[in-house]
Each structure stands twice: as structure tokens, then as C-alpha cells.
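Side-chain atoms are counted along with the backbone in the values below, which use heavy atoms only and exclude waters and symmetry mates. Everything numeric here is computed off the predicted structure, so don't read it as measured data.
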Amino acid sequence: MITLRHHLLTIVAVFLALAAGIVLGGGPLSDVGPTAATSSGEADAAPDADRAQTDYTESVVSALGPATVSGRLADRSVAVVTVPGADEQVVTALSEQVTAAGGTVSARYDLSADIVDPGQKSLVDTLGSQLLTQQAEGDVAAEASTYDRIGQLLGLAIATKEAAGQDVSGKARAIVDAVSGAGLMAEPGEVAQRSPLVLVVLGTDAGDEGSDAILAGLAQGLAVQAGGVVVAGATSDGGEGQLGRLRADPVSAAVATLDGVDTAAGRVATILTLQRSLTTPGGAFGASGADGPVPLG
């Protein structure tokens, strides 16, 4: 049985091969895909065969990935924002892909459990109101909702509309210090610059409406301040997962979404989606993306 993950990897492997200038004929890539089992012995062997084929496709995508993404983020920086529960290995692999694409990770911002906890809304609202008055009056919409406002404040501190990025200002440092000081985000350490691109890596799916509204508000706020925002998650986050639910929210018109970063194909697709976001907002890509596994335009 062809799994969704295997199907995605096969499609993207073919795309990447074409992008790298490889002519597909009767070679091994043309034969990727399991055949139907016709006996009990073949049925028993199917899971192992599927795993071997999936591993092979992953290795092909990993090999072709660097050539495919090379230069796509040249002279561009990316701010990486992680939601609690984000897979550390995936975040590291995504950061390495940014570097392979010629870009830089300006800083990593790890959100805490409190900022995405509906029970801590009062804290987020109070801090947002204070920062709006003290640091961001005129830069953040006064009528913004609680999480849209804190998203805009974070965006003001870590992102910019300038494609080349901008230096970190005193205002940006003050906002980051206040948010991390309130326990809503880990201290990011040394920050190179404010970036035109923001990559939000999802973590644990809380699976409730309150959390969905928080994620949508944060994403919308970041999109106001950044040149482009990509919200990325694992394959399981698509469909009925939190990424799938975000795609049903109006905010999806302003941010790109991609599920499948737990695969080599998904991580390569993330770079292509970041590149697209510099000029075109929105788009749903990945294993269950309505706009296809990767942006082709």
C-alpha cells in the first residue's frame, strides 16, 4: 500500500531530479513505487519493502537537495521561531538547509508554553499593552487582538520588510528582553539582524480551539511585520492537524504553510516555500497542501 508519506517523497524526488537537470528514463527513479502483493508471503514482505523504498527515496532527495536549493536564499536571512514541542533534530536540519541555500539564520526564538497557553492570556495581553505603549506606538495596530498584537510586537523585534534585512534596534532588543523576561520566550542570545523571512516550526498539537486561535494570531501578527512567513510542521500536522486547521483560517492568505518537515523532501520544499514568500504571500504546500507538494512558480 502506498502511504501518503511515500507518495509525497516520490513526487518530490522526481521534481528535484528534474530541477537538477537529470533526465529520467529507465533508471531507478522510474521504478520507485511498490507493487500490489498477490500472496500472503508478499503481503508479509510489503512493510519491509515499503520502508526500503521510502529510505531510498529519502536518500535520493537528500543527495539532490543541496544542488536544488543552492543560492535560493542567497544574501537573505531567516528568523526561526519554534513552538513548544518542536523536534530539535528537525529544527537543526531546517537551519542547515537555510545555510545550504546560501542564507543565514539570524537567530532562533523558542516560544515558551505560557505564550501558547490559553490560561495565560491575561499575562500576554498585559505585556502586549505595555509594550505597545512603551515601544511600539504607531508601529503596531492599537486595535489588534491579544495574540495578533504580541505577534506584531515579536515581528517588529525579529523581522523586517526589507529584503536585505536590518540591524537590530534598541526597540527590538527592548521587546525581546521584555517578552523573554516575562517567561513567554527563551532568551535568544546574540542576534545578527532582523530578517525578511520568518520560519515558524510547529511543535505539540494541543488540539483545542483556544490554541488554534493563538497560533493564527501569532502568525498573522508576524506577517504584518515580515517580508514573508512560513509556518511548517510534520506530516501529521496536515489534514486535520493544527496546520490543516490553520489553513482554514483567514490568516492563511498572509502566511505560507507546509507539512512534511519530518522528511528530507519536506525540508527541501521548505526552502522553496521561503524563497517564494519573499514575493508571494500565502500558499499551502507539502504532503496535504492544496497548492501541491512544492511551489513550482
Could you go step by step and tell me if Q97 and R267 meet the side chain to side chain donor-acceptor pair (under 3.5 Å) rule?
-> CA-CA 7 Å; Q97 285 284 11; R267 293 189 286 274; over 6 Å; no

Do the side chains of V116 and S211 get nearer than 4.5 Å, heavy atoms only?
-> no

- Item | Check: R245 side chain, D237 main-chain N or O, donor-acceptor pair, under 3.5 Å | no

Separation between OG (S95) and CG (L199), nearest 0.5 Å, reads 8.0 Å

Notebook entry, point to check: Do the side chains of V179 and L123 join up, straight or via other hydrophobic residues, at under 4.5 Å, putting them in one cluster?
Noted result: yes

dist T146:OG1 -> L127:CG (nearest 0.5 Å) comes out at 11.0 Å

Determine whether more than 12 heavy atoms belonging to other residues, nucleotides or ligands lie under 6.0 Å from atom CD of E240.
no

Hydrophobic clustering (ILVMFWY, side-chain heavy atoms < 4.5 Å, transitive) - are L243 and L274 grouped together? no

**Asked** Is a side-chain donor-acceptor pair under 3.5 Å present for S288 with R247?
**Response** yes

The test is side chain to side chain contact (heavy atoms under 4.5 Å, CB included); show your working for V124 and K121 and say whether it passes. CA-CA 5 Å; V124 176; K121 181 177 180 180; 5.6 Å; no

Inset, instruction - Verify, without hydrogens or angle tests, whether S180 (side chain) and D177 (backbone) share a donor-acceptor contact under 3.5 angstrom. - result: yes

Establish whether L197 and L111 are linked, either directly or via other cluster members, by ILVMFWY side-chain heavy-atom contacts under 4.5 Å.
no

Closest non-hydrogen contact found for A256 with G282 is CB-O, 3.4 Å

Determine whether T273 and V294 satisfy the following criterion, side chain to side chain contact (heavy atoms under 4.5 Å, CB included), listing intermediate values before the conclusion.
CA-CA 7 Å; T273 306; V294 292; over 6 Å; no

- Query: Is it true that atom CG of D75 has more than 12 heavy atoms of other residues, nucleotides or ligands lying nearer than 6.0 Å?
  - Reply: no

* Is the backbone of A113 close enough, under 3.5 Å, to the side chain of Q120 for a donor and an acceptor to pair up by distance? -> no

Practice prompt. Check whether any side-chain heavy atom of V191 sits under 4.5 Å from a side-chain heavy atom of V176, and report yes or no.
Written response: no

message: When you measure from the side chain of K161 to the backbone of G227, do you find a donor-acceptor pair of N or O atoms at a distance under 3.5 Å?
response: no

Student check: side-chain heavy atoms of I150 and M185 closer than 4.5 Å
no

For a 4.5 angstrom cut-off between non-hydrogen side-chain atoms, does T92 reach Q89?
no

Rounding to 0.5 Å, atoms OH (Y109) and CG (L184) come to a distance of 15.5 Å

Exercise for review: Determine, using the 4.5 Å side-chain heavy-atom cutoff (strictly less than), whether V69 and V105 are members of one ILVMFWY cluster.
Suggested key: yes

Across all chains, not counting sequence neighbours, the salt bridge (Lys or Arg N to Asp or Glu O under 4.0 Å) partners of R149 are D125

Check for a donor-acceptor pair, side chain of S252 on one end and backbone N or O of A248 on the other, with a separation under 3.5 Å. no

Worksheet item: Would a 4.5 Å heavy-atom cut-off, applied to side chains only, mark L94 and V80 as touching?
Response: no

Q) Can you hop from V81 to I115 via hydrophobic side chains spaced under 4.5 Å? A) yes

Between L246 and the options V251, V200, L202, D212, the side-chain contact (heavy atoms from CB on, under 4.5 Å) test singles out V251

Any side-chain heavy-atom pair from Q225 and L153 closer than 4.5 angstrom?
no

Notebook entry, point to check: Less than 4.5 Å apart, any side-chain heavy atom of S106 and any of I158?
Noted result: no

Checklist line | Side chains of L156 and Q135 in contact at under 4.5 Å (non-hydrogen atoms) | finding: no

Distance col, row I214:CD1 vs D117:CG, nearest 0.5 angstrom, shows 7.0 Å

Applying salt bridge (Lys or Arg N to Asp or Glu O under 4.0 Å) to D291 and not counting sequence neighbours gives none

Nearest heavy-atom contact between A86 and V91 is CB-CG2, 4.1 Å

